[in-house]
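Reading through the structure tokens given below for one structure.
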Number of protein chains: 2
Amino acid sequence: MRLEQIPPPAIYRLSFYLRQLEDFKRVSRQTISSKQLGQALGYTDAQVRKDFAYFGQFGHPGIGYRVDELVGQLKKILGTDKIWKVLLVGAGNLGRALVAYKGFAAKGFELAAVFDSDPSKQGLAFGGQKVRPISELPDAVRHEQVKLGMMAVPAEAAQSVADELVAAGIKGILNFAPTSLVVPEGVSVQGVDLAVQLEQLSFRMSLSSNDSE
Amino acid sequence: MRLEQIPPPAIYRLSFYLRQLEDFKRVSRQTISSKQLGQALGYTDAQVRKDFAYFGQFGHPGIGYRVDELVGQLKKILGTDKIWKVLLVGAGNLGRALVAYKGFAAKGFELAAVFDSDPSKQGLAFGGQKVRPISELPDAVRHEQVKLGMMAVPAEAAQSVADELVAAGIKGILNFAPTSLVVPEGVSVQGVDLAVQLEQLSFRMSLSSNDSE
DNA sequence: GGATGTGAATGCATTCACAGCA
DNA sequence: TGCTGTGAATGCATTCACATCC
């Protein structure tokens, strides 16, 4: 099947399968069925099988999936069998938390450089990196061969920072600023808006308080 | 139309419409068409109209939507026309960043209490709040009438913290721990896994590097 | 003319159900 | 028997296209 016509939700679920499988691996589970894996994540067994089937045949009829094997396959599909260098723009509170976050390194993401436009922050040590001015961005991207960038900057600055990332050659942006970015074809943006997440919960709270039927 | 049968993706988009409209409001735009709003977010005009139509008739034929009016309607639908008290469990790096994050307050979320199981953190001031031991959770939830909780704790601790939140009466959980939670009917969980977001970008990077057709 | 709101048509994603293999 | 992989069937979500209103 052509990669381009795989349902985006399936690709998203892949990450959760992988996460769950690593948990199973940690407790030394050798093999798992689509039913068990689905149950742990709230999906049906058919969903699980179909999702994997988009990418190949990873299971063993009568047995299930070998955890270790499947973890390897999923990493390969998701690209996390390789190390990815990532840079960060924005050395504020959130930036600090991102740099300290263990989960990125655990998946093989490596912090290559940190930037901030505020001169008072420049030069400070930050997760083993010195905070550098944005002007050094293009050099760093080329020199370090970085493809991915995280933006933890205020909404007002976000579009212009994104433009600079794109100009420097960055191909994927993880955007924590609460604004939508315009980027050219060939550049991917993944947005994470913390307030939107809470807002969605607020919606569900409002629902359950007026369910009067 | 019954709320239960509105497409979940539509509800999710509502948050982005609202965000975009607040931007338009900030630059004093009075009125906007479904086409213009969609363009700013990468949706079709039909999508925009249908999404709003699930909830009522907010537009004016020939004119479009009055920005101010629509902002008010969306807030009401999403529940952010009211103040929501939120508590936080986990006073680590990420917790610190969440407390400092302005975006929550801007949407009317109010930090009611902060908890951490680590005694060395307890008592410290944290976003205008003293960090308290988890044992005080039930009291705080009842006393302060809190419905929402954010969890910024390690994956290993996440399920047991979630259990305590549920036991204390919390109805919505924003989970930053990289693990899936089991909660009873009537409790909502919204997960935010930062590493998963980067992983999804990694996938798209891998795609574009082998597009050889 | 310029826009919304909406049934009907299309296109996607999920689930069913079963053949086939260990 | 227990489980996968997969075409066929179903069920959702999006888009079309047009009646309707300012």
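In the text below, chain A, chain B and the rest are named by the order of the sequence lines, each starting its count at 1. FYI, side chains are in, hydrogens and waters are out, and symmetry mates aren't considered; it's all heavy atoms of this structure.
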Calculate, to the nearest 0.5 Å, the distance between atoms CD and CG belonging to A:Q73 and A:L21 respectively. 12.0 Å

Looking only at non-hydrogen atoms, find the nearest pair between B:R26 and B:D23 and report the distance. NH1-OD1, 2.8 Å

Which distance, rounded to the nearest 0.5 Å, do you find between the CG of B:D81 and the NZ of B:K76? 7.5 Å

Examine C:dG5: is either OP1 or OP2 under 4.0 Å from a nitrogen or oxygen in the side chain of B:Y65? Give yes or no. yes

Once you round it to whole Å, what is the distance between P of D:dC12 and CD of B:Q5? 9 Å

To the nearest angstrom, how far is A:Y12 atom OH from C:dT14 atom C1'? 18 Å

In whole angstroms, the gap separating P of D:dG5 from CG of A:D45 amounts to 12 Å

Between C:dA3 atom P and B:Q47 atom CD, what is the distance in whole Å? 19 Å

Would you classify B:G59 as touching base, sugar-phosphate or nothing, given that sugar-phosphate means primed atoms plus P, OP1 and OP2, and contacts are heavy atoms under 4.0 Å? sugar-phosphate

Mapping A:P9 and A:H60 onto DNA chain C by nearest heavy atom, which one lands closer to the 5' end? A:P9

Checking D:dC16, D:dT6, C:dT15 against the side chain of A:T44 (C-beta onward), the nearest is C:dT15

Looking across every strand, which nucleic acid part, if any, lies under 4.0 Å from A:F58 by heavy atom: base, sugar-phosphate, or nothing? sugar-phosphate

Could you state the CD-C1' distance from A:Q57 to D:dG7, rounded to the nearest angstrom? 14 Å

Here the distance between atom P of C:dA19 and atom CZ of A:R49, to the nearest Å, is 15 Å

Where the side chain of B:Y54 is defined as all heavy atoms beyond and including C-beta, which of C:dT14, D:dT14, D:dT15 is the nearest nucleotide? D:dT14

Here's a test of your reading of the structure: between A:K50 and A:I63, which maps to the more 5' nucleotide of DNA chain C? A:K50

Of the nucleotides C:dG2, C:dT6, D:dT15, which has the atom closest to the B:P61 side chain? C:dG2

Roughly how far, to the nearest 0.5 Å, is the CG atom of B:N93 from the CG atom of A:L94? 11.0 Å

For A:A195 against B:G103, the heavy-atom pair lying closest together: CB-O, 3.8 Å

Rounded to the Å, how far apart are B:D51 CG and C:dT4 C1'? 14 Å

Rounded to whole Å, CD1 of B:I32 lies from P of C:dG2 at a distance of 17 Å

Does D:dC3 have OP1 or OP2 sitting under 4.0 Å from an N or O in the side chain of A:S33? no

Out of C:dT4, C:dA13, D:dT4, whichever nucleotide has its closest atom nearest the side chain of B:S34: C:dT4

